[in-house]
Amino acid sequence: MSKLKIAVVGGGNIGSSLAFDCALRGHDVVVIEKDALSCQRSRESIGETASYAPLFSPLAKGKPPEMILQNIIWSQDLQAVADCEFVVENITENIALKQALYTRMAEFIAPCAVLAANTSCIPITKLGSFHRVPSQVIGVHFMNPVYLKPTVEVIIGLTTSEQTQKRCLEILALLGKTAVVVKDGPGFVSNRISHLFMNEAAFTVQEGLAQPADVDAIFKGCFGHKMGPLETADLIGIDTVVNSLDVLYQMFQDSKYRVCPLMQTMVDAGRLGRKTGQGFYTY
């Protein structure tokens, strides 16, 4: 197997999960964070994942956490992307922040590298316009937890080159992922549908039709979903779901993407799901 050098820019929930998955497969990973505290949180998150992953993943069995963690380094210097062939952007779903990051990354990223946007809803063509070489930018939507999700959504922007698409698919194959390729548009396929699903589930709780556990039980028991919509929202992060819905509303100007007030209130209260210990459920 070819060994890759991968940069993960932004080590939040999905970024840390991706870094762990890549390191688990023997690749060299640099997680780039904005400050020392964020680096520490990412280390702790990945360390925790490494400790319980063997319970769920055959690939992780027999691999001590330290064996996996030795493949990861943390940095606060964006220049660390310079020698990476696969750079995955995972920062907050905020267009202004992403624009600033893509402009800065253009100074360092290698001409042959693939710049993969792991955005929730922002169109890939829009993100590509912030980069000096738009043809390098492609959407790669990893699902959480990454090490248990073998399929990824790949989004082709209007300016994404065939060379970038080809190399991206080769890299994903080395990461053990099956790619489903779709065209560009706000929310793509997965989040355009799933965020409406989670939002409407929140409305049923707000209106008193059911408790969160009952909503999720219906979709797990009746439809065979592994997780219910509100469990999924807690896993993703209520703030991320709200930010993504806001992007969809701005892009489509369609009232069906209006954020459920209950979820906005939860964000205001700091009840963001698993990462804060309280969301629709207590952890």
Side-chain angles (χ1 to χ4, degrees), residues 8 10-24 31 33-34 37-57 60 65 68-69 72 74 88 90-94 118-121 141-150 152 190-191 194-206 210-220 225-246 259-283:
V8 178
N13 278 352
I14 192 71
S16 292
S17 183
L18 171 61
F20 169 77
D21 186 46
C22 295
L24 176 63
V31 177
E33 282 285 24
K34 59 185 178 181
L37 179 59
S38 298
C39 287
Q40 181 60 32
R41 286 173 176 166
S42 175
R43 282 192 190 95
E44 291 173 355
S45 176
I46 294 173
E48 183 179 345
T49 300
S51 67
Y52 62 68
L55 298 174
F56 307 101
S57 168
I68 300 167
L69 292 172
I72 307 174
W74 282 263
V88 186
N90 292 280
I91 71 166
T92 301
E93 194 74 352
N94 179 292
N118 191 26
T119 179
S120 295
C121 291
H141 190 194
F142 293 94
M143 308 298 172
N144 201 18
V146 180
Y147 72 99
L148 294 179
K149 303 290 184 179
V152 298
S190 59
N191 281 355
S194 66
H195 281 61
L196 277 176
F197 182 45
M198 290 180 279
N199 198 44
E200 201 61 32
F203 270 114
T204 66
V205 173
Q206 176 179 287
Q211 294 298 310
D214 295 324
V215 174
D216 287 337
I218 289 170
F219 285 93
K220 290 189 289 184
H225 293 192
K226 291 184 178 180
M227 295 182 69
L230 300 177
E231 289 173 314
T232 302
D234 271 2
L235 176 64
I236 294 171
I238 306 301
D239 54 336
T240 300
V241 176
V242 167
N243 288 340
S244 297
L245 285 165
D246 283 339
V259 173
C260 173
L262 173 60
M263 285 206 291
Q264 183 61 63
T265 299
M266 292 169 69
V267 171
D268 294 340
R271 297 182 177 182
L272 309 181
R274 286 181 178 269
K275 60 187 173 183
T276 60
Q278 179 71 53
F280 286 101
Y281 299 91
T282 300
Y283 301 92

### Between CD on residue Gln264 and CG on residue Asp246, distance to nearest 0.5 Å
7.0 Å
### Query
Would one find more than 12 heavy atoms of other residues, nucleotides or ligands at under 6.0 Å from atom CZ of Arg43?
yes
### Pairs where residues 45-57 contributes a residue and the test side-chain hydrogen bond (donor to acceptor under 3.5 Å, both in side chains) is met, not counting sequence neighbours
none
### Message
As an exercise, state the distance from CD1 of Ile14 to OG1 of Thr240, rounded to the nearest 0.5 Å.
### Response
10.0 Å
### Task
Search all heavy atoms of Ile46 against all heavy atoms of Ala19 and return the closest pair with its distance.
CD1-CB, 3.9 Å
### Contact check, side chains of Asp214 and Ile218, non-hydrogen atoms, under 4.5 Å
no
## Note on the structure
Minimal heavy-atom distance between Gly237 and Lys275, with the atoms involved, is CA-CE, 4.1 Å
### Message
Can you tell me how far apart CE (Met198) and NE2 (His195) are? Round to the nearest 0.5 Å.
### Response
4.0 Å
Under 3.5 Å, side-chain donor or acceptor atoms of residues 229-236 against the rest of the protein: list the pairs with distances, not counting sequence neighbours.
unit_1	atom_1	unit_2	atom_2	d
Glu231	OE1	Lys220	NZ	3.3
Glu231	OE1	Gly228	N	2.8
Glu231	OE2	Lys220	NZ	3.1
Thr232	OG1	Gly228	O	2.8
Asp234	OD1	Phe280	N	3.0
Asp234	OD2	Phe280	N	3.1
Asp234	OD2	Tyr281	N	3.1
Asp234	OD2	Tyr283	OH	2.7

### Message
I'd like to know whether Asp268 forms a side-chain hydrogen bond (donor to acceptor under 3.5 Å, both in side chains) with Thr265, so could you lay out the CA-CA distance, the side-chain angles of the two residues, the decisive distance to 0.1 Å, and finally the verdict.
### Response
CA-CA 5 Å; Asp268 294 340; Thr265 299; 5.2 Å; no
### Query
In chain order, what residues pass the side-chain contact (heavy atoms from CB on, under 4.5 Å) check against Pro261, with sequence neighbours excluded?
Phe203, Gln206
### Message
If we check side chain to side chain contact (heavy atoms under 4.5 Å, CB included) with Met263, which of these qualifies: Val205, Val241, Asp239?
### Response
Val241
### Task
Determine, step by step, whether Phe20 and Val146 satisfy the side-chain contact (heavy atoms from CB on, under 4.5 Å) criterion, reporting the C-alpha distance in whole Å, the side-chain angles of both residues, the deciding distance to 0.1 Å, and the verdict.
CA-CA 8 Å; Phe20 169 77; Val146 180; over 6 Å; no
#### Entry: Rounded distance (nearest 0.5 Å) linking atom OG1 of Thr276 with atom CZ of Arg271
9.0 Å
### Message
Could you go through Val152 and Met143, starting from their C-alpha distance and side-chain angles, then the distance that decides it, and tell me whether this counts as side-chain contact (heavy atoms from CB on, under 4.5 Å)?
### Response
CA-CA 7 Å; Val152 298; Met143 308 298 172; over 6 Å; no
### Task
Return yes if some donor-acceptor pair links the side-chain N/O of Ser38 with the main-chain N/O of Lys34 below 3.5 Å, else return no.
no
### Donor-acceptor pair, side chain of Ser16 and main chain of Gly11, under 3.5 angstrom
yes
### Task
Would you name the heavy atoms of Cys39 and Glu33 that are closest together and state the gap between them?
SG-CB, 3.5 Å
### Query
Which value, rounded to the nearest 0.5 Å, describes the distance between Ser194 atom OG and Asn199 atom CG?
11.0 Å
### Query
Are any non-hydrogen side-chain atoms of Asn243 and Ser120 less than 4.5 angstrom apart?
no
### Task
Determine the minimum heavy-atom distance between Cys121 and Asn191, stating which atoms define it.
SG-CB, 4.0 Å
#### Entry: Nearest atoms (heavy-atom pairs only) where Asn144 meets Ser17
OD1-OG, 3.1 Å
### Query
For Phe219 and Val215, which heavy atoms make the closest approach, and how far apart are they?
CD1-O, 3.3 Å
#### Entry: Parallel, tilted or perpendicular: rings of Phe197 and His225 (30°, 60°)
perpendicular
### Query
Taking Asn118 for the side chain and Phe142 for the main chain, is one N or O donor matched with an acceptor at less than 3.5 Å?
yes
